[in-house]
Trainee: 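Let me begin by handing over the structure; questions about it come next.
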There are 2 protein chains.
Amino acid sequence: MASSTEGNTRPIRLADIAKAAGVSHGTASNVFSRPEIVREEVRERVKAAAEAMGYAGPDPKGRLLRAGKVNAIGVATTEPLSYFFDDPFARTMMAGISEACDATGAGIALVSAGNEEKLAWNIQSALVDGFILFCIEGGPRLVELTRERKLPFVALELGSEDDTVSAIGVDNVAGARLAAQHLAELGHRRFAVLALPFADDSTGLVSPEQIRTAAYTGTRDRLVGYFEALSRFGVDTAGIPVYETENDEASTRAGLEAIFAGGEPPTAILAMSDRMAMVAIEWLTARGIAVPGDVSVVGFDGVPEAALSIPALTTIAQPIAEIGRRAARMILDFDGTVRRETLGVELVVRASSGPPPKTA
Amino acid sequence: MASSTEGNTRPIRLADIAKAAGVSHGTASNVFSRPEIVREEVRERVKAAAEAMGYAGPDPKGRLLRAGKVNAIGVATTEPLSYFFDDPFARTMMAGISEACDATGAGIALVSAGNEEKLAWNIQSALVDGFILFCIEGGPRLVELTRERKLPFVALELGSEDDTVSAIGVDNVAGARLAAQHLAELGHRRFAVLALPFADDSTGLVSPEQIRTAAYTGTRDRLVGYFEALSRFGVDTAGIPVYETENDEASTRAGLEAIFAGGEPPTAILAMSDRMAMVAIEWLTARGIAVPGDVSVVGFDGVPEAALSIPALTTIAQPIAEIGRRAARMILDFDGTVRRETLGVELVVRASSGPPPKTA
DNA sequence: CACCTTTGTTGGATCGATTCAAATTTTTGC
DNA sequence: GCAAAAATTTGAATCGATCCAACAAAGGTG
C-alpha cells in the first residue's frame, strides 16, 4: 500500500512536519504560533521541513476548535444576500459595521438563505462570535432562530418589544412626529401614509385593527408619531389612508394608485422609508403631479441617495452608519449584558416638501 | 443578575447531553444530524435532555473540523472592508457573487485588514473553502499571500500574467480599443488619458518607460488598446498625456489639473474607470467646460451609476455581475484545474461623448 | 428452533491544531 | 566542577463534534 498511495495527496498536517523534522508536535506548533520561544536552529529545521513538504501552515479549522474565538461577526437577514450590496440603507449600515470590524481586525460573515429552513441551518452553522440581525422583515422569527444559537447578538431596529434582546434603533415615534409636524407647519392638512409592513405577508390599506395588532412595532411607532403630531394640528387622523407596502417598487406604486384613486387626493405623503419616498416622487412626477408644488413628500431613513433624488428628498435622517458601528462594537466587546440603545434622528429639509398648493 | 456564583458556566457539549440522557455520544450526535435513524423514544429523551440543560445544538466548530468543508467563500481585498459597500464596481461584483452563493446556500466571508501584516494573518486564518481576490491594487501581493494558503482561489481582473493562477477578467485591449475608436470616429484628435495605477505608489504623468515596466498589466493593456486604435487614425500617441491616478477623487482631480495646465487642451478624455470619468465630468462642468460640447469623456467599467450621471456616461461596460457569478461558481465547483476566462465588453454610448467643438 | 434480516446503539478513531505541566538541556554563578 | 536557574522541548490532554465497524435486539422464515 505504500507505493500505491503515491498520488494520494492527503493534506499535510502539522504532525507530519513534526515527524519529518524530528521534533514533537508541541514544538512544531510553537514554530508557527510562538516562534520566539523555540531555538533558532530547530525553528529553521521545522520551517525547512514544512517548506519541503508543501505545508500550508496551521489549518485554521484545527486552531479554531482549540481557540474558541472565530474573530468574525455574522450579519444575518431574511433577505437574499445581494440585499447587502443593493439596498442603500443596508449598505450604509454595513459601512459602519465594516469600520468597527476593520478597527479590531475582525471579519464579517454574511448570513442569509433562499428559504427559511436554509436560513435556520445557516444561522446554526455560521462560524461567528456573534450576530447582528437585520430585522427588516421577519424580525421576530430571525431573533428566535438566533437565540437558539446562544451567542451574543443584537437586533437592528428595536422592532420587538421583548427587552431581553439587545437592540439598537432610533426613536421612531419622535422621528415620525418631526416629519408630520414639518408638513403640518407648512400648512398641509390632507395626508396619506406609505407604511412599512405591519405584519408578515400583508399589504394594502390598513384598518385601525391591524394597526393595533401590528407585529412590527417599529412600523406602528412611526404611525403613532405621525398621528400624534397631526392630531395636535387638528387633523382627523382616522381619515388618513395608510397603505402598507413591502418597501419595494411594485407595492409602493400599488399604494400610490390606491391613494390617488379616491376623490380628494392628499397634498402630502408621509413615507416610512426613503425608498418608498423616492418611488413616490418618481411616480408623481411621471403623472405630471409636481413635487412639492402639488404634493409634498417626506421620507424616513436618510440614505445617501435621498440627497441626490430630484427633487432632493426631505427626510428623517437616522445615524445609519453609527448604528452599524455601535452594533458591531456591542458584539465585539460583549460583556454578557443586554443593552438597548435608542439613537436620535433629525429632520433634514430638502426640496421635496413645501407649502400645499393654494387652490387646495 | 441572580447568583453570579452559579459557577463557571462551561458551555454544554454534546457529550454532556449524551450522558444525561444515558446514551452514547454517537447516538446523541445522530439525534441532531440524522434524527431519522434513531428510535423515536430515544430521540425525544435526548432532545429533552438537551432542552433541560440549555444545549445550543452541535457546535459548528466541532462539526467543521470533522466535515472539512466550511461552506463559505472568502472575498479578499487590500482595500478596507467598507470598500465592498462603497465602491459601485465592487458592489455590483458582490451582487453577482451573492447570487451564486445564494443559489447553493454558501456563505460569504469578507476578508481585509488595515495593514499588510494583518491582511496576511486574516487570509491565513479565514474560515473559507476558497478565495475570490479583488486585485484592484496590490494584486500580485494578494495573490502571493493567498497562494500560501493552498486553497482554490480566483483573481478578478487578469492583472497578472502568471497563468498558473485562475482568473476572470475582460478583454482590456479590445475594450480600450472600442473606447478610443468611438472618440476618433467622432472626429477627436487631441486626447488625454486618466490611467489606473501602473505600479504601487506611483502617480503623475507617465513615461513610456513606466508603461513598459507596468506591474499591473490590466492598466497597460487598456493603454495599449487606446493607443492601438488611435494610431490607426493617425494620432501621434507619443504626445498624449497619460496621468496615473489612484482611482480616487483627489488624484483624479490632480490629473485633470495637470492635463489642462498645458497649452493645447484635449477634446476628449479616456478614463480607465467610470469613477474617474465621473469625477472628470464634474470637474469639467464646474469649470464651465461643456461635456460633451467642449470635451468628451468616455469611461470604463459600466457601473450602474454611470447611467445616472449628468450627462450620462459613455463607457465600456464590463459584465461585472457575471464576472462575480462565474468567480463564485469557479470556487464552489472547483475541480483542481486552473481556469482563465476572458469575457467580452461592450461600448455603451450615452451622452458624455460627441463630436469635438468646431473651433478646435 | 436455528438462521438470516432489519433496525438501533455503541464506543473507539479521527479531524488538526494548542496548551501546559513535567522532563530535559543549557547557562549561569561561584 | 557542581548546583541552581533559565531556556527548551516533550507528550498527553483537550477543544466538540462525526463516522463507522462491530455488536445487540427484535422480527421474519422454513
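Residue numbers begin at 1 in each chain, while the letters A, B, ... track the order of the sequences. For clarity, every value in this text was computed on a predicted model and none was experimentally measured.
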Trainee: Can you check the B/K69 NZ to C/dG16 P distance for me, whole Å?
Mentor: 14 Å
Trainee: Reckon A/S24 has a side-chain N or O less than 4.0 Å from the OP1 or OP2 of D/dT10?
Mentor: yes
Trainee: Without decimals, in angstroms, what is the distance between A/K19 NZ and D/dT10 C1'?
Mentor: 16 Å
Trainee: Give the intermediate values and the outcome of ring-ring contact (aromatic ring centres under 6.0 Å, His included) for residues B/F334 and B/F153.
Mentor: CA-CA 9 Å; B/F334 180 66; B/F153 71 93; 9.3 Å; no
Trainee: Scan nucleotides 12-19 of chain D nucleotide by nucleotide, 5' to 3', and note B when protein non-hydrogen atoms come under 4.0 Å of the base, S if they reach only the sugar-phosphate, - if neither.
Mentor: BBBBBBBB
Trainee: What is the ring orientation for B/F84 with B/F134, classed by angle as parallel under 30°, tilted 30 to 60°, or perpendicular over 60°?
Mentor: perpendicular
Trainee: Measure the distance from CD1 on B/I37 to P on C/dT6 and round it to the nearest whole Å.
Mentor: 17 Å
Trainee: Verify the neighbour count for atom CD of A/E40: are there more than 12 heavy atoms of other residues, nucleotides or ligands below 6.0 Å?
Mentor: no
Trainee: May I ask you to say whether B/E51 pairs ionically with B/K47, meaning some side-chain N is under 4.0 Å from a carboxylate O?
Mentor: no
Trainee: Can you measure A/E44 atom CD to D/dT8 atom C1' for me and round it to whole angstrom units?
Mentor: 16 Å
Trainee: Take atom CG of B/L64 and atom P of C/dG16, then tell me their distance rounded to the nearest Å.
Mentor: 11 Å
Trainee: Measure CD/B/E41 against P/C/dT7 and give the value in whole Å, please.
Mentor: 18 Å
Trainee: Do any N or O atoms from the side chain of A/N30 and from the backbone of A/V38 form a donor-acceptor pair under 3.5 angstrom?
Mentor: no
Trainee: Report yes or no: does A/N122 contribute a side-chain atom to a donor-acceptor pair with the main-chain N or O of A/V111 at less than 3.5 Å?
Mentor: no
